[in-house]
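Here the structure comes first, spelled out in structure tokens, and everything after it is commentary.
In the text below, chain A, chain B and the rest are named by the order of the sequence lines, each starting its count at 1.
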Amino acid sequence: MKYSKLFGRTSKTEGSDLKVTSHRLLTQAGYIRESVAGRYFLLPLGLKVHQKISEIVKKHMDTAGAQEMVSPVLHPMELWRETNRDNAAGYELMQIADRRGAEFALGGTGEEMFVDVVRKFNISYRDLPFNIYQFGNKYRDELRARGGLLRVREFVMKDAYSFSTEQQFEAEYQNMMDTYTRIFKEIGLSTSIAEADGGYIGGDYCHEFIVDADVGESVYFTDGGEYIAHEDVAVFDKSHSDEVHTELADLTIVDADRGTTMDDGLKLHAPAPMTRHIKNVVYINERQEIVLACIRGDLDVNETKLQKAADCHHLTPLAEEQIAEWMGSKAGFISAVGVRETTNGHKLAIVADNSLEGLVNGISGANQDKKDYININMARDFTPDIVADIALARAGYTSTDGKELQERVGIEVGNIFQLGYHYTDLMDGATYTDEDGTQKNLYMGCYGIGIGRTMAAIAEVYSDDNGLVWPLAVAPYQVYIASLGDDSAVLELTESVYSDLTSAGYEVLHDDRDVRPGEKFADADLLGIPVRIVVSGRSIEAGGVEIKLRPDKDSQIVPSANLEKTLKKELKRHI
RNA sequence: CGGGGCGUGGCGCAGUUGGCUAGCGCGCGCGGUUUGGGACCGCGAGGUCGGAGGUUCAAGUCCUCUCGCCCCGACCA
């Protein structure tokens, strides 16, 4: 390929609002171009990288026994109604109607469609297990797109769905976990596999594959050993070394001339440690029920865990006026003690963190201004509807294995979900005929990789001050040749090197532009192609062509007869 | 949806106490001199100043509405 004919050129002036490295470099180097917010053109170079990634994904999926297919982009709305996701996913779900008024969802994920196609067949236990997948455009009406390809409103995802018996599932899940590990390894990405929350996808457990990067949105914790978990689900040891009362004292209301923060309470009731305070946070869920979360003062509420415990999928903090009006309480002085009687038409659920179970003689507000309760004891003084782990992990806490948790941030490039019977329960006829002739629900898993986001993650990890540095496996071209000057010896040698390398199976980009050397070198760095070859009068005089790996500083002169051998050797050193 | 910033040739920007044919750098085209880390000279093309309405003798500049973009938050596979 001649660079002079390649559509999409590099640009020297960077967009000042392109703050994410991968976004800026991919744009500047001519790999992508924004259409409107969150929707991108993949230019010829960008598409080549995208395709390389897809091919690697496909190769490993096929090896794992999965089968590629294609589903329609428009999903009949009634399928999403069957699973109640027309509302649950309502914030993101794109909808469209045809001229007859038939409604469709522009799929953001494909569980319904894949269950639907499976149930059109009479599946027998003999068919199980199987895994079918697609590379499909996904549409998500994100509240805010950000970071170039990191969070977009339409993108290509490889989404796979396994159908099996419950007994077979563990092997299916493990198979995909191993496959993903191989995929990202081949691509050149090192990933952490974190336990995570499934969100509106459903199911009981899932894992995210996360590439460490500051610009990522996935916060997770690791104890340096076995334990790796997303912030949403991370658990930790809640024990502490503060002195604990052993004798239950009488519940008492005291004057509390203090501000409304936990620290104000701590000061007022000194020397009682924060671990004796009780923090109360009030939310309202999508069913207009009030959820009162109670947790030990030194901990914070994890809203994802709280949602699960309270069996809801949306929580909004309750405003001060409503705390007063609906609960007869006072922001900053809320207590679970006695609060139930004062609610006003709204159901109220008290969800207590399990950290309160060992708390003796706790301290919190007393549901009125400037009054606190002391000596609160759960069970005696109030009865939670639910006791669960609703605490947010923090760096510095210890894991249940006793090791210190570290906080990390990264880009979620893939995920695997156990779906179980979630969809097959909701959708009629998603069954197989078992050996004994009875119909049984299929057991499912689903597995996604965002191709564009993976591309951005690579760009994020592999780049330097001068531009991109593609790993060999995904580079749009393996070799970049710059011919300097229009001397006929240079042009002839370039031609022969180009055709030799091309017939040897390399993808070669020849920078044939009539521009000065500096510009070619700068662009070569920006483009990030693994090997740079320079053919010039100087290199010919020195005995051949010049070769250099993108990350290297120095080049070497190689006689053109030895070029292929040297190239092969050099490429082994590359990422 | 809340907070902040911003829309002026392809890109980056200047121009706002209203006032002349709306500028600059990069890029693009032509000619020339150059040629190993983004050269230089000359000429040239390219803009209904995001859109609509209004005020005014006069609007890129003031007013109203509106569309869109970026960052932070809420939300999220």
Side-chain angles (χ1 to χ4, degrees), chain A residues 8-20 23-24 27-28 30 33-39 85 88-93 107-111 138-148 150-153 155 157-160 196-203 206-210 215 217-219 230-232 283 286 303-304 307 313-317 411-417 419 446-450 453 466-467 482-487 490 511 513-526 532 534-542 546 548 553 555 557:
Chain A
R9 60 186 75 246
T10 57
S11 95
K12 217 189 309 187
T13 45
E14 62 196 55
S16 58
D17 51 1
L18 272 43
K19 294 185 171 63
V20 172
H23 187 194
R24 179 170 54 79
T27 302
Q28 226 181 310
R33 190 68 179 238
E34 186 178 62
S35 166
V36 292
R39 303 181 199 279
R85 289 213 297 177
Y91 301 105
E92 286 187 21
L93 189 65
T109 170
E111 287 78 13
K138 297 289 176 286
Y139 301 85
R140 296 189 184 177
D141 195 4
E142 296 286 350
L143 290 172
R144 185 159 77 85
R146 67 171 288 277
L150 287 179
R151 176 165 297 279
V152 293
R153 297 201 168 93
F155 60 100
M157 178 164 80
K158 184 284 301 173
D159 48 327
D197 174 65
Y200 80 97
I201 291 276
C206 73
H207 289 85
E208 287 187 3
F209 285 71
I210 301 174
V215 295
E217 298 179 288
S218 281
V219 176
H230 193 279
E231 176 181 49
D232 291 342
Y283 298 90
E286 74 275 10
E303 292 183 15
T304 305
Q307 280 173 19
H313 58 252
H314 193 249
L315 288 169
T316 316
I411 301 164
E412 174 195 354
V413 288
N415 48 36
I416 54 179
F417 293 85
L419 299 176
C446 77
Y447 318 90
I449 293 179
R453 186 185 278 183
N466 296 323
S483 52
L484 303 187
D486 54 3
D487 185 82
V490 168
D511 192 346
R513 293 172 302 169
D514 179 24
V515 298
R516 292 165 65 88
E519 199 168 335
K520 292 194 179 186
F521 296 148
D523 279 341
D525 286 347
L526 181 56
R532 186 188 82 185
V534 177
V535 183
S536 67
R538 192 184 288 189
S539 77
I540 291 172
E541 232 170 81
E546 193 181 305
K548 175 182 104 60
K553 268 188 112 92
S555 59
I557 296 286

Enumerate the protein-to-nucleotides 26-35 of chain B contacts in which both atoms are nitrogen or oxygen and the separation is below 3.5 Å.
from: B:rU34; atom 1: O2; to: A:R516; atom 2: NH1; distance (Å): 3.0

message: Taking the side chain as everything from C-beta on, heavy atoms only, tell me whether A:S483 gets closer than 4.5 Å to A:V490.
response: yes
task: Counting Watson-Crick and G-U wobble pairs only, both distances under 3.5 Å, name the nucleotide matched with B:rG73, or none.
output: B:rC1
message: Determine whether a donor-acceptor pair (N or O, by modelled atom type, separation under 3.5 Å) exists between the side chain of A:K138 and the backbone of A:K158.
response: no
Same-atom distance (C1') from B:rA59 to B:rG15, integer angstrom: 14 Å
query: Where the side chain of A:E303 is concerned, which of B:rC75, B:rG10, B:rC70 is the nearest nucleotide?
result: B:rC75
Whole-angstrom distance between B:rG46 and B:rG29, as gauged at atom C1': 11 Å
field: Listed partners of A:L315 passing side-chain contact (heavy atoms from CB on, under 4.5 Å), at least two apart
entry: A:Y283, A:N285, A:V291, A:L306, A:Q307, A:C312
message: I'd like to check A:E412 versus A:R453 (side-chain heavy atoms, cut-off strictly below 4.5 Å). Are they in contact?
response: yes
message: I want to confirm an ordering. Mapping A:G148 and A:L315 to their closest nucleotides on RNA chain B, which one lands closer to the 5' end?
response: A:G148
field: Distance between C1' atoms of B:rG23 and B:rG3 (Å, rounded)
entry: 34 Å
statement: A:R513 meets the salt bridge (charged side-chain N to carboxylate O under 4.0 Å, His left out) criterion, sequence neighbours left out, with A:D511, A:D523
Euclidean distance, atom CD of residue A:Q28 to atom P of B:rG38 [Å, nearest integer]: 16 Å
task: Can you tell me the pairing partner of B:rG19 across any strand shown, Watson-Crick or G-U wobble, with both distances under 3.5 angstrom?
output: B:rC57
message: I'd like to check the side-chain contact (heavy atoms from CB on, under 4.5 Å) partners of A:A524; sequence neighbours left out, ordered by chain and number.
response: A:Y480, A:R532
task: In whole angstrom, give the distance that lies between atom CG of A:D511 and atom C1' of B:rG37.
output: 13 Å
message: Applying salt bridge (charged side-chain N to carboxylate O under 4.0 Å, His left out), can you list everything that pairs with A:D232, at least two apart in sequence or on another chain?
response: none
message: Can you measure A:L526 atom CG to B:rG37 atom C1' for me and round it to whole angstrom units?
response: 14 Å
query: Just to confirm, is there a sub-4.0 Å distance from OP1 or OP2 of B:rC71 to any side-chain nitrogen or oxygen of A:R144?
result: yes
P gap between B:rU34 and B:rC70, integer Å: 47 Å
Separation of the C1' atoms in B:rC20 and B:rA58, to the nearest angstrom: 11 Å
message: What is the distance, to the nearest angstrom, from the CG atom on A:L93 to the C1' atom on B:rC75?
response: 15 Å
message: Is there a side-chain contact between A:R153 and A:D141 in this structure, where contact means two heavy atoms from C-beta onward sitting under 4.5 Å apart?
response: yes
task: Tell me whether the OP1 or OP2 atom of B:rC70 has a side-chain N or O from A:R146 closer than 4.0 Å.
output: no
- line: A:E217 CD to B:rC72 C1', in whole Å, measures 12 Å
query: Between A:E34 (CD) and B:rC11 (P), how many Å, whole number?
result: 11 Å
task: Could you check whether A:T316 gets within reach of a base, just the sugar-phosphate, or nothing at all, counting any heavy atom under 4.0 Å?
output: nothing
field: Whole-Å distance separating the CD atom of A:E208 from the C1' atom of B:rC76
entry: 11 Å
field: P atoms of B:rC11 and B:rG7, separation to the nearest Å
entry: 14 Å
- prompt: Taking atom P in both B:rA14 and B:rG50, what distance in whole Å separates the two?
  reply: 13 Å
task: Scan every strand shown for a Watson-Crick or G-U wobble partner of B:rC30, both distances under 3.5 Å, and answer none if you come up empty.
output: B:rG42
task: Assign A:F155 to base, sugar-phosphate, or nothing according to its heavy-atom contacts below 4.0 angstrom with the strands shown.
output: base
Rounded distance (Å) that lies between atom C1' of B:rG37 and atom NZ of A:K548: 11 Å
- line: Sorted by position of nearest nucleotide on RNA chain B, 5' first, the leading residue of A:G147 and A:R532 is A:R532
- request: Could you give the distance separating B:rG12 and B:rC6 at their C1' atoms, to the nearest angstrom?
  value: 14 Å
query: Contact class for A:D523 vs. all strands (heavy atom < 4.0 Å): base, sugar-phosphate, or nothing?
result: base
message: Using a heavy-atom cut-off of 4.0 Å across all strands, would you classify A:R513 as base, sugar-phosphate, or nothing?
response: nothing
query: Considering every strand shown, what is the Watson-Crick or G-U wobble mate of B:rC6 when both distances are under 3.5 Å?
result: B:rG68
- request: Sequence neighbours left out, what passes side chain to side chain donor-acceptor pair (under 3.5 Å) with A:T27? Give chain and number order.
  value: none
